[in-house]
Number of protein chains: 2
Amino acid sequence: MTRQTLPPTLRFLIAARQAELHSLESLAHTCELVTLISHLVHELQKERGYTNLFLCHPTPERQHILDAQHQSVSTHEADVRTFLDALLTHPIGSDHGRARLFDSIAHALYRLDGLPILRCNILAHRLQPGDASAAFTRLISSLLAVAVETTDAAHDADITRLLAALLNFMQGKELCGQERAYGVLGYTAGRFNPTQKVHMVMLAERQTRCFMQFEALADRQSLQAWQSLDDLHEPVLSLRGMAARTSAEQPVDTGMAALWFDLCTARIDGMHPIECQLTTTLAQRCRQRIEAVSLDLRNHRALLDSMAAHEGSTRPTMLFDVQSRPLDVAPADGIASGMERSILDLLQAQAERIQASDQALDQARTALDERRHIEKAKWILVELHRISEADAHAQLQHEAMRSGRTLTEVAHALLATRNATQG
Amino acid sequence: MTRQTLPPTLRFLIAARQAELHSLESLAHTCELVTLISHLVHELQKERGYTNLFLCHPTPERQHILDAQHQSVSTHEADVRTFLDALLTHPIGSDHGRARLFDSIAHALYRLDGLPILRCNILAHRLQPGDASAAFTRLISSLLAVAVETTDAAHDADITRLLAALLNFMQGKELCGQERAYGVLGYTAGRFNPTQKVHMVMLAERQTRCFMQFEALADRQSLQAWQSLDDLHEPVLSLRGMAARTSAEQPVDTGMAALWFDLCTARIDGMHPIECQLTTTLAQRCRQRIEAVSLDLRNHRALLDSMAAHEGSTRPTMLFDVQSRPLDVAPADGIASGMERSILDLLQAQAERIQASDQALDQARTALDERRHIEKAKWILVELHRISEADAHAQLQHEAMRSGRTLTEVAHALLATRNATQG
């Protein structure tokens, strides 16, 4: 019996399973994009660091390292661009999510298109180190924004949790990169002014929050790898303390800049394998889930085919119960045949499965959605006051500390006020 | 210049708009399904009513009316089935939403498949009136559940608001139908026992809530039509009062059953044109929005084509700003050419538009999502205690009254507890 001859009820039951499978395949594809972005971001973070060193103290050797790094970035940039090109012809996710995703991609591509002229200006020393860093940071932020937008399609609890762990880790690592670049400025000057000190503290605090989220969501292997990095964290913590104690009266040796850079780099480089571990686990879980759901779909179809064949001449009345009873509880009166009972069981089992997976998903998405809410709230402040993303974040954080609420609560309140005043 | 030769940034900007357009077209398709369901539900509500009358007091005339009503139902059932068949080959919405939608469709089709045998049992008087009503109510609930599941694809604020108004109105009207059938039982007996009285009060209260939601969300025309129904509400309110005052000692004339039925029917029939008004407005808004977005897309594409053609030889460096400045605020240093400025403007305008529409959507979806949360919470109670949907609703409502919270707050609390215990 071919599928076309199944009664509509059974065809929709199968189609529902197929939709689940497609949803997973789409999610796996999404995870690939996030993986490619994480590699590109890693290389761009390196380029930002080398650029900073080069602009602070240009040597032929540093220029050589920078040239080599441009090549590494280009390789990964090409991978991302190839993937994105294919996305235009084979899109992923829902239409609505895609509009947001494609917008964020347009923005990231716009930034990527500017890389050649940025490098040109850097090599010609037409930019201050801080300005060059800021340009890289904007580019990296735009790429991370693409990664965040992909999560709209994440509807599997387990994979969503891992994806949230990865995104938090990527964000935390990016903050380490920003801290490295920012710290080089202060150590090169021999001291940090009060504004710079506040900014350094904020960068450290934001890292802590990201890594706490990561720790709450990550798989065991990634967690173990993360815990083994403690030796690399310690020296960075000491130098943070030293930075906070510098002053015009008590400057430090400007040679500390290179030490700070190297220690931060060792730490960031140590983080990259964890990022890779996370993306590997993610790809693996996607494959496992797809295999499981495919197998399930095949079994399900075989079961329904045999039911439809067996039922034969009694269709179309086979599927109904006529007694008054709560929802889908099977009738006790024997009117329902064994066959009818099976369809009822199937309907109920499927409904329970969806219900359970929805509840698990609700939990897993909380972490993602909180991140998105904070991003949205930041965006409102940027738009409202024409300030930078970092300043917007600082404002949110200040308000959270002032009022004793969490960052998420402050973001929620801001969004609610905004919605209310626009309604 | 053809579209293929546009630089990727611009292609993604266009693709984002196209995705918006597809999302709207999909939503328009969804609204068609809701419209077809509303018609079928209306006819089934009539059949439930006539069935009830027939079973309480069978006459050849009533059987004749019932036969004619079967025909009306069949016509609308065929429309729904044709639409659903097409859905299997041309699906709507996201994969994830589709899995839920298709499950709910499988369930509704299962109930529809049982209609012939149900009618057979009714004509042969093998069912009590209450049991027959309950079977129709289950069928109608399964169809309304399909309508609710379609809203997963609703991502346009204006249309989502109208859709939420329609769904609340449909639910309210269905409760009127249940009240009509339930009242016939009491009036036929000459009195309502205490349990029946509580149930009647609950049905009335649930109607009030649905219609309040409808009033908060509906368009002006539908609201005016609704307000003109006051004359039809009044007599039903009086008979509700009379039902509450009946007792074993003070029964009423059993002829009141026909009067109750006729008054309720007049009210329900008066509601159907409003439902039609809502679906017409909905279809109209969908068309208008699609036209507006299509035009916008054409203009947008023409603009980008001309920009790309104009820009010519300066690509790929045309799109970048290299100065440190907050996010996408245009540079003040004159490095950005007029062309670059335009792309920045486009990116920013698009981001602002999405942001604004997201905020509007958040508001509009609240009504829909609250409805879904209550449905979910009810489902948990049904599953947990093996009770009927109406009893589950009564439990939620009782808890709300007991603790002085809203129904939504109780549903949220229940879902949160459930999530916590499963985590």
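The analysis underlying the following values was restricted to heavy atoms, covering all of them including side chains, and did not include hydrogens, waters or symmetry mates. Note on naming: letters A, B, ... go to the chains in the order of the sequence lines (proteins, then strands), and numbering restarts at 1 for each one.
Neither the backbone nor the side chain of B:L21 comes within less than 4.5 Å of any heavy atom of chain A. Contact annotation for A:I122: neither backbone nor side-chain heavy atoms come within less than 4.5 Å of a heavy atom of chain B.
Closest heavy-atom contact between A:L88 and B:A15: CD2-CB, 3.5 Å. Residue A:T9 comes nearest to B:A106 through the heavy atom pair CG2-O, 3.3 Å, listed as atom of the first residue, atom of the second, then distance.
Distance CG/A:D103 to CD/B:E20: 7.5 Å, rounded to 0.5 Å.
Chain A forms more heavy-atom pairs under 4.5 Å with one residue of B:L24, B:D85, B:D391, B:I105 than with any other, namely B:I105. Taking chain A as the reference chain and counting heavy-atom pairs below 4.5 Å, the highest number among B:P8, B:A19, B:S133 is found for B:A19.
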